[in-house]
Every structure is written in C-alpha cells, then in structure tokens.
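Here the structure is laid out as structure tokens; the discussion comes afterwards.
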Amino acid sequence: MPQPMPKNFDFAEAERRLYAWWEENGWFKPEAAPPDAEPYVISIPPPNVTGALHIGHALFASLEDLMIRYERMRGKAALWVPGTDHAGIATQLQVEKALRDEGLSREEIGREEFLARTWEWKEKYGGTITGQLRRMGASCDWTRERFTLDDGLSAAVRQVFITLYEQGLIYRGPRLVNWSPGLQTAVSDLEVEREEEMSKLYYFKYPVEGGEFLPVATTRPETILGDTAVCVHPEDERYKHLIGKTAYVPMLNRPIPVIADDYVDREFGTGALKITPAHDFNDYDIAQRHKLPLINIMTRTASLNENAGTYAGLDRFDARKKLWADMEAAGLTIKVEDHLQVVPRSQRGGEVVEPLLSTQWFLKIQPLAEKALAAVRDGQIKIVPERFEKVYYHWLENIQDWCISRQLWWGHRIPAWYGPNGEIHVGQQPPAGDGWTPEEDVLDTWFSSGLWPFSTLGWPEQTPDLKRFYPTTMMETGYDILFFWVARMIMMGLWFTGEAPFKVVYLHGLVRDKLGRKISKTLGNTIDPLELIDKYGADPLRFALITSGTPGNDVNLDPARVEGEFRFLNKIWQMTNFVGSNVDETPLEAGAPDVAELDLPARWILSRLNRQVANVQYLFDTYNYGEAGRQIRGFLWDEFADWYIEISKHHLYGQDIEAKNRTRRVLLHVLNTCLRLLHPFMPFVTEELWRYLPHEDTPLILAQWPKSDSRYISDEAEAQMTVLMDMVRGIRNVRSEYDVEPGLKITATVAAGSHRANFEDYGYLFSRLCNVPQLHFIEAGGQAPQDTASIVVGDAVVYLPLAGMIDVEAECARLNKEQDKLREQIAKSEAMLANEGFVSRAKPEVVQRERDKLAELQASRAQIEERLSMLCR
RNA sequence: GGGCAUUUAGCUCAGUUGGUUAGAGCGUACGGUUCACAUCCGUGAGGUCGGGGGUUCGAGCCCCUCAAUGCCCACCA
C-alpha cells in the first residue's frame, strides 16, 4: 500500500485534479498511443454553443466517453473531436431576447452590429457547455476543438455550397415553403411538427355563374381570398355540370374557373375543393397541373396584403374572423363543424407555420440520398440498433428537395452575389466590378452540421488529421436527429469525400423522468445533471445513465438510482481500502497465482472473474454497455465483496504467509481487473483508486483493457464452491427461521457425503460466514444428534444442534416443505429425461446437465427422507 | 393511412444465439452490525413474464393475432 487512503472519495477535489492531470499529460490526444496505432474516432454531436448541459448531453457524454476510453485502453489512437454548433435560430433568438430587454431590436441596430453582439455573446457563454462536459469527465482532445463558424469550417461550407451549385444541385427560385411568421424565415420540412388538433371546418357557398352555388369546405377561410379555382371530381354527378363555369371569390367577386381533378375526395367535406396555390402545398401541385395563376395574399408576418382587398393589413387569424362574419352577413356561409385537423407548427416556438410563396435556395438531394442509401444497404455503415435502418431507408427513399436558405443573420452567409442585370455569381469571393449585391440569406444550421465529421478534421485541405482520422469510426447520437443530422452527414460525406463519414451509428434514446414522461420545464420534472454531479460526483451519474437502459430505447432516469450508484462507488472504495490495507510493503508478484497453487475459493473467484471478463467483452462487442455495467457491478458486489473478501479474511488474518500472499495476489488481481473494466464507466474513482494499489507503470486511463484468461475458467471449481455456498445460505436460513441469536456459535455435525474433502478443507467458511466454527464429521447414515435442524445440499447434510429451540413439529413441517419442493423438481426433471424428444434432440451437454441435476436432487431427497423418518414418525 | 417500439415484482428496469428453481435496484417485513463500508450484512414476502393461438422435446425469448401505451413518417381541403 503506497499510502493510506482517505475514508471516503472526495470527488469534488479528485475530479478536478484528475481531469487536469489527464489533460496536461496529453492522454486525451490520439498521440498518447503509438504512431502506428489504429485510429478510433468520434466526432462529438456539437451542442449549441450558448447552451448549458442538460441531462441529454450527460447521456451522450457518458456513452461516448465510455467508448473512447474503452478503445484507448485497447491501444487505439482514440480521438474524440469536441466542438460546438452556432445553432442559427436558437442563438439568434437568445441574442434578440437580450436586445429586447435593452429595448432594442435587431432591425434597429443593423446586421453588422447584431453579429458583433452575437459573437460577444458566444465569447461570453460559449465556454459554459464545454466546461460542463469536462466535469462529466469527457476525455475530448480539446486542442482540436472546433466551432461551426470557425474560418476553416466556414470555408468548407462555402466550398460545398459552390460545388453543389456548379454541379447543378443547388438552385434558387420562388417556391412554396414552410414559413415561420414569427421568426420571419423559411424552415425545412423537418422543422415543422404536425399535430392533430381540434379545430373548425367551415362550410360555405361559392357563387357560380348562372346563380348556382357550389358548397365548399375549408379549415382556413382567410385563404379564400387567394383562391384561383374551385375543383371538383370529374365524375361527381352533383357538380359535373359546373365544370368549366366561372365562380366568384366571395367578397372579392374575382372570377375563377371551376375545374376538375381526380385528386378531390368526393367523400370529404362537400366534395368540392377550393384551390389556393400560393398557400397550400396540394393546391400548389394542382395549380401547376392546371396552369392556374398564383395569388399571394400574405406578408412575411402572415398578415394579409393588398391582394386581400379590404382585408389587407389584418393578421391571418383576425382576417379569418372578419371574412367569415362578412360572408355570414352576405348569406354565403353554411355551417361550421368541429374537425380534427393536422396543424403544422414550428419546431421552435410552436407557432402555426404558413405555406408561403417565396424565393429560396434549394438542394436537389436525391442524388446524394441514393449514395447514402447504398452505403447502409451494403454495410459500409451499420446502424445500431438495426431497426433504425428501416426508418432511414424510408426517409431517404421519399426525400424532397431541401430548402437550405434562412432569412436569419447568424449563420453561414450564402456565397452568392446578384449582378445589376439579374445575373447570379456563386463563389468564394465577390465578383469583380461594381453593382453586385451580396445574398442576405444564411444557410440552414444543419447544412454545416452535415459536414462536421470531415470539416472538423480540416477538409477541404488534405491535412494530416484528415488523412489519419477520416473516415471516423463511431457516430453516437440520439435517434431524434437521425434525419436532421446523421443522414445528412452520410450524404455529404459520401458526396464530398467519397467515403462514408463513419462506420457505425449508435443511437441512444431520450432521457425521461422516472415515470417515463418527457422532461420539460412546464412539467417541472427537469433533472439537472450539474446538481447531481455536485451531490454525488460525475461517476454515479454516468453509471446510472449508462446502466438504466438499452440501446435505442428511452431511458427513464430515477435520481434515486444515481444515489444507488454513489453507494456502489463507495462500496468499491471500501473494497479497495480493505484490500490495500491488507497488503504490506513486501512487493508481490503481479497477476494471479498459477491455478495449481490456488485453493477452492480462489479458483472459484478467478473462474468467475474470467468468465465475467469474457462476458463483458461480448457485451461491448455488441454495444450492450448497460448490461456490461450491471454485470460488473453484480460481480463486484455480490460475488467478490460478499463472498470472496469475507472468505479471504481467513488467510489474511492467519499465520500461513504463503497462503496469505497468494490470497493478497488474488484480491489485488480481481480488483485491478475490475477497476480496468469499470474505468470507461466511472473514470474518476477508478483512476483515483488505481493510485492506491500496486499497478503497472501507467495511469489507469492508459492501462490495458482486460482479457479473459480461459485457463482460470472452471465449471468444476464453480460447482464445488457452489455446494459450500449453498450450505452456508442454508445454515443462515435456518438460523434466521429459528431466530437463533446471530452471535451464537454453533458446532455442527456433518455428513458430507461426496463433498467430505471440501467440507474438511474449507470448514473455516462456516465459521466466518455463518458462525459455525466447528464441524464434527460423521459418515453418511451415521447417527445424527438429537434436537437438530438439518440442511441438505446434494448428498451433504449439516445438522445444527439447536437444543431447546427446535420444535420437532416445526422442523418436520420445514423438512416436509423442502421435500415437496424437491419432489416437484424431481418430477419435472424426470419427465424431461423420460421424454425421448428431449434426450435425442437437445444438446448433449444440456441433457447431461439435467442428469447431474436430477442426481443431485435425488441425493437431497434421500437425505431428507431419512431425516424425516427418524424425526417425524 | 403506413411504420416502429414498449408491455416482466408495489415503482424503475435487466434478462446475450430458445435450455436448471425468471433477476437487480428502490420500496417493504424481520434480525444483526466496534473489528473495509457517508453504512453495511443476513433472512423473507412479493411475478400464471399484457390476452389468446401456434411452432418446438422445451418459449419471457421464435411465429400469428388481439389489446393498451408511446414514438416516427404521411398532401385529405
């Protein structure tokens, strides 16, 4: 033991110290591995530069750091590239809000000033989130940190835009787009959320030449003012005669045609459809087919414009009310019905999105999507869990052109200039000559995010980092941004680098509260990771997050669980303290002693350990990190601490120096191995404990990931040990049932049957584990003492003399209960073995195991039977 | 309208290619704890694995079907 350990883990102090120590030594850098090491690279999902750490960040940070630390320990050149995203709309809104508090607006101060303020804002708050990721223990290479608006990344964005433009994949033009009136910008289809809401369906009369009325239904009466046709189904007998006639827009009396199109559903509403091509996506399509004019009736703020006649200037919802009232007065209304409608709302802010005609930049994305589909189909990229591949295919197969321009100020400005004669120049630099005006719009934030895996490594320059670390290895992120981000990175990566940007996509779920509800401020169920870190440290939070769920599924996090993992952490601390304080200065040979030198408990624990290591490896290979963590925890607590450490005290406190040293080596080896297994989960406490134990000349962060040594795995040792353990449990059980004073030492009589040797050699287990310090051996079938309770395991029987406490009747009842249980199991087992199908078809080892089990059960039954006949007749 | 997921103990969740008596944490009952334990240890109670059907020697796990819940996608005014 190099130095005495503090009684508990002072995580607040240690986390800071260890993190600085790791970082200063350059161990977060891939250069910590040999130059020829295989790279393992994760690009961080860049959080909003001005954001603060929330529980979702804590989850990805825990998972990605686990992956990075694991691969680093496996000798890879592990690189976790950190960075932040400028998050166009979100950041702009924050700064605008700050401006409003000063009584200013962005329009008042102008673009230049606004951007200057936003950069200031970024400088002020930009470090918050990265500082918080450090507190999580994230072992990012901070020397390679990037920001989406850095010069390098901005150059990459321009390069990509220009190339796509030159390839004819980016075009500009007037189109119907999803317009956010509050933000006054176009948004992409993905940024629109559609929810079913109860609203109204308005029925009204469309006057048609000749004095007839055509009944029409709409959910948005104000759009009547922009109608350029009324449409019926060509075979609708009710309205057939009206096709080709002229109808008149209510209140405006503008003449429009009655047309026919089989898009119309005769069953819905009145079976007649008003066509507002400038304000509805379906109507737009129909208008294209019928070459109808488009009349835009709205402004950028979704109030009505001059095309709306007397309604000009009114907000869309006020116009709806007023127009309907006027129509009612004019006798043109029929009725209003409740109607369940899908309402498009902005992902940010929740206002109703308006389809609006406007000139925007679009990316024809189908050619990119085809490559992206192929990359997953042919296995270049694997998505975990696999079921998301289907979702991915479906989206890409039906992908629409992407509206990439935004009418914002904070973002990558589109590298385009407009000439005096209407020409467009797209390039890195403004064109020569006068009279060119630059494009005002910026790009969708996700446009730059799509380049993240390669732009952060220096692309388009062929930097050493790009050569060595691209393509990256793992993309770990939430399934909620599969389309927004992951699919786009794959498309952009394949298109511009010719390679899939990563090999594996691992998707995690959302963190929810313990009742499975979405975390939200209004529900008041937020879980603040920083608060939990302050209270318990980062390790328990990490461990709880990772072990609370399974890949791809949402995590219902119970803060009580974090406390539980804190107790686990303390338990490991105490185990290490115990082991450490029982190792003196004499240096011991490292590693576990040879199998041949070991006693049964040691053979057992090392068999269990190596089995566990192999199992953890399997679970890591299949990305089941949560289960791996749970199993390590179970092994350490339930097997190592509760059994082996207790057993080890016999030698540690004994006089046999060799046995003592062997035991110390076993204890150290198990602990050493488990600290390494646990390090990716709980980096801080494990690294700290590592310092207190004799170890190889490396920090734990660079220590070698354990390998299972199959020479130690022994079914036989485990089976033999299990008999002794079952007997201990049986004795404890009886003592508890009979309310025997726990401190009372009992001398037992034992008919050990085939386990005689082990009961003799390891009799001390009973002294230490169930307060039975002496065993008196008799032959099987020998005379058992009076007034005893008997415990049977296989063919071994332990008689506990409980004079004065044993009620013969109670003991018989207990034995009979045992016997019933045995009988049931034996019957089941016999039935199985009597089944020809089972014996001939099941794997031989399964059949053999069943036979052994039956023999064991029968032996127990015989023992109990004998006991019953003696005691209970 | 399509698609996906979930349903296992009072609560939150595991359960790896089908194979002993289905597990953990929290909660709960009882008992103990100077001698590693900001505690910890021991012993219990608690589950017909959502319903039904099927495949199989054998099903919590595979197939079909129904139900509930949640999510994603989608142009019915």
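The sequence lines fix the lettering, A, B, ..., with proteins before strands; numbering per chain opens at 1.
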Protein heavy-atom contacts under 4.0 Å, written 5' to 3' over nucleotides 4-10 of chain B as B (base), S (sugar-phosphate only) or - (none), form the string SS-----
Nucleotides 17-23 of chain B: protein proximity per nucleotide (B base, S sugar-phosphate only, - neither; heavy atom, under 4.0 Å): --BBB--
Closest nucleotide among [options] to the [X] side chain:
X: A:F566; options: B:C75, B:A38, B:U16; value: B:A38
X: A:N733; options: B:C73, B:G44, B:A77; value: B:G44
X: A:K571; options: B:C40, B:G25, B:C73; value: B:C40
X: A:R633; options: B:G31, B:A24, B:A36; value: B:A24
X: A:N615; options: B:U12, B:G32, B:U16; value: B:U16

How long is the line joining NZ of A:K274 and C1' of B:C76, in whole Å? 14 Å
So A:T622, base contact, sugar-phosphate only, or nothing? Heavy-atom distance under 4.0 Å. nothing
Looking across every strand, which nucleic acid part, if any, lies under 4.0 Å from A:H279 by heavy atom: base, sugar-phosphate, or nothing? nothing
Side-chain donor or acceptor of A:Q574 under 3.5 Å from a matching atom on the base of B:A38? no
Look at [X] and [N] and indicate whether a side-chain polar atom (N or O) is within less than 4.0 Å of OP1 or OP2.
X: A:Y392; N: B:G3; result: no
X: A:W637; N: B:C40; result: no
X: A:T270; N: B:A77; result: no
X: A:R567; N: B:G25; result: no
X: A:N8; N: B:A38; result: yes
X: A:H394; N: B:A74; result: no

Pairing nucleotide - B:C4, Watson-Crick or G-U, each distance under 3.5 Å: B:G70
State the pairing partner of B:A29; accept Watson-Crick or G-U wobble contacts with both distances under 3.5 Å, and report none otherwise. B:U43
With no hydrogens and no angle check, do the side chains of A:T276 and A:K274 hold a donor and an acceptor under 3.5 Å apart? yes
Whether A:K335 engages the ring of A:Y202 as a cation-pi pair (distance to the six-membered ring centre under 6.0 angstrom, angle to the ring normal within 45°) should be assessed. no
Is the distance between the ring centroids of A:Y625 and A:F620 under 6.0 Å? yes
